[in-house]
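Remarks on the structure that follows.
Positions are given from 1 along the sequence. Computed from a predicted structure; not experimentally measured.
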Amino acid sequence: MNPHMYLYEQFQLISMQDDTGLPHSLEIVNRSAFCSGAAILMDLVLLGCIAIGENGNCTVLPNRIVPNDEVLAKALSRVEKSKKPKPAKHWVVIFTSYDTPHRKAVKNLVAKEVVKLTKQTTWKIFTKTRYPLQNTALKQSILNDVERCLAPETIPKATTLTLLGLVRSAGLLPYIFANRYSKDPDALQTAVNEALKHKPQSNIVENAMEDAVRRQEMFEALEMSLESLTFALDSVMDAVDATTGGDGIGDGGDGGGGGDGGGGD
């Protein structure tokens with residue numbers, strides 16, 4: 001029986017090469033990191049922990065339950081402790097920077113025996129850590145679900161459609177849909193864009209997310225879709241068109257740079 005996989009874990013898994021666990025490309029590492037933060041936020045939305053209002057601000061729902069997951073529970077706690085509602089793009093940055101979600105996701109994948117932790121020694125001096133795929137069937141099942149989103153007659157599940165949007169935003173289309181991309185990349189992009197139009201409602205979170213350290217990063221607004229949930233919300237996630245440089249991200253008030261931080265909201 002396959003283990004339960006949260007959205008941020010699914011995204012991490014399909015972002016990794018099967019043989020090594022390394023990113024598909026160094027050029028998309030920054031984009032993928034921000035999409036990991038976005039996936040955590042979307043997990044909280046899909047679990048009914050938070051809602052994103054028409055103004056783009058995140059609000060903790062009164063009857064929410066604390067997720068049985070360290071990463072998500074910690075992320076929810078940060079939103080709860082905020083003195084005032086803040087927009088989704090703010091929390092994407094915070095979740096990306098203060099908790100390195102991709103590292104936590106890989107750790108979870110090892111614990112769930114989806115990937116395997118291996119050590120390789122070179123010249124008896126240097127040790128390389130690798131995470132080769134162990135549960136091939138699980139990853140293939142996730143990829144199959146994502147590809148089915150592209151069928152015109154399909155109305156995908158919220159989680160799968162959100163995952164497709166993160167794949168597009170992270171620049172993973174050439175790797176996730178390698179065959180289709182090599183044959184006709186424009187047709188693939190069109191099919192993805194059409195699939196992402198499935199939404200009964202939408203609200204758009206866009207514009208730049210800047211701070212004193214990193215002012216060259218711009219979030220690309222990405223419309224995502226959710227099923228009609230009890231709090232009647234479709235959400236829009238942000239992905240980053242990141243530039244290199246900078247030492248950390250955060251607004252200071254949330255302790256957003258690098259560590260969990262001691263700053264308050």
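- Salt bridge Lys157/Asp145: absent, no basic N to carboxylate O contact under 4.0 Å.
- Looking at Glu9 and His4, their side chains never come closer than 4.5 Å, going by heavy atoms from C-beta outward.
- When the shell of 6.0 Å around CG of Asn68 is examined, it contains 12 or fewer heavy atoms from other residues, nucleotides or ligands.
- Proximity of Tyr6 to Leu46: side-chain heavy atoms (C-beta onward) are nowhere separated by under 4.5 Å.
- You'll find the side chain of Leu76 stays beyond 4.5 Å of the side chain of Leu47, heavy atoms only.
- With a 4.5 Å cut-off on side-chain heavy atoms, Pro87 and Asn57 count as touching.
- The distance from atom OH of Tyr131 to atom OG1 of Thr20, rounded to the nearest 0.5 Å, is 11.5 Å.
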Review point. So Lys86 and Ile94, side chain to side chain contact (heavy atoms under 4.5 Å, CB included) or not? Walk me through it.
Key: CA-CA 11 Å; Lys86 294 184 178 179; Ile94 295 300; over 6 Å; no
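- Heavy-atom minimum distance, Phe11 versus Val167: CE1-N, 4.3 Å.
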Point to revise | Worked verdict on Met16 versus Val106 for side chain to side chain contact (heavy atoms under 4.5 Å, CB included) | key: CA-CA 10 Å; Met16 301 163 67; Val106 170; 4.3 Å; yes
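- Contact check for Pro67 versus Asp43: no side-chain heavy atoms found under the 4.5 Å cut-off.
- The local environment of OH in Tyr175 is crowded, with over 12 non-hydrogen atoms from other residues, nucleotides or ligands closer than 6.0 Å.
- Using a 4.5 Å cut-off on side-chain heavy atoms (C-beta onward), Thr160 and Arg148 make no contact.
- Counting heavy atoms from C-beta outward, Val110 and Lys116 have side chains that stay 4.5 Å or more apart.
- Contacts of Asp184 classified as salt bridge (Lys or Arg N to Asp or Glu O under 4.0 Å), with partners at least two apart in sequence or in another chain: none.
- With no hydrogens or angles considered, a side-chain donor-acceptor pair links Asn108 and Tyr8 at under 3.5 Å.
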Exercise for review: Could you walk me through whether Val114 and Met5 pass side chain to side chain contact (heavy atoms under 4.5 Å, CB included), step by step?
Suggested key: CA-CA 10 Å; Val114 180; Met5 297 277 286; 4.2 Å; yes
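- With sequence neighbours excluded, the residues satisfying side-chain contact (heavy atoms from CB on, under 4.5 Å) with Glu113 are Gln134.
- In this structure, the side chains of Leu166 and Leu7 come closer than 4.5 Å at one or more pairs of heavy atoms.
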Practice item. Run the numbers on Ile40 and Trp91 for side chain to side chain contact (heavy atoms under 4.5 Å, CB included), then give the verdict. Key: CA-CA 9 Å; Ile40 290 176; Trp91 293 115; over 6 Å; no
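- Around atom CG of Asn63, no more than 12 heavy atoms belonging to other residues, nucleotides or ligands sit under 6.0 Å away.
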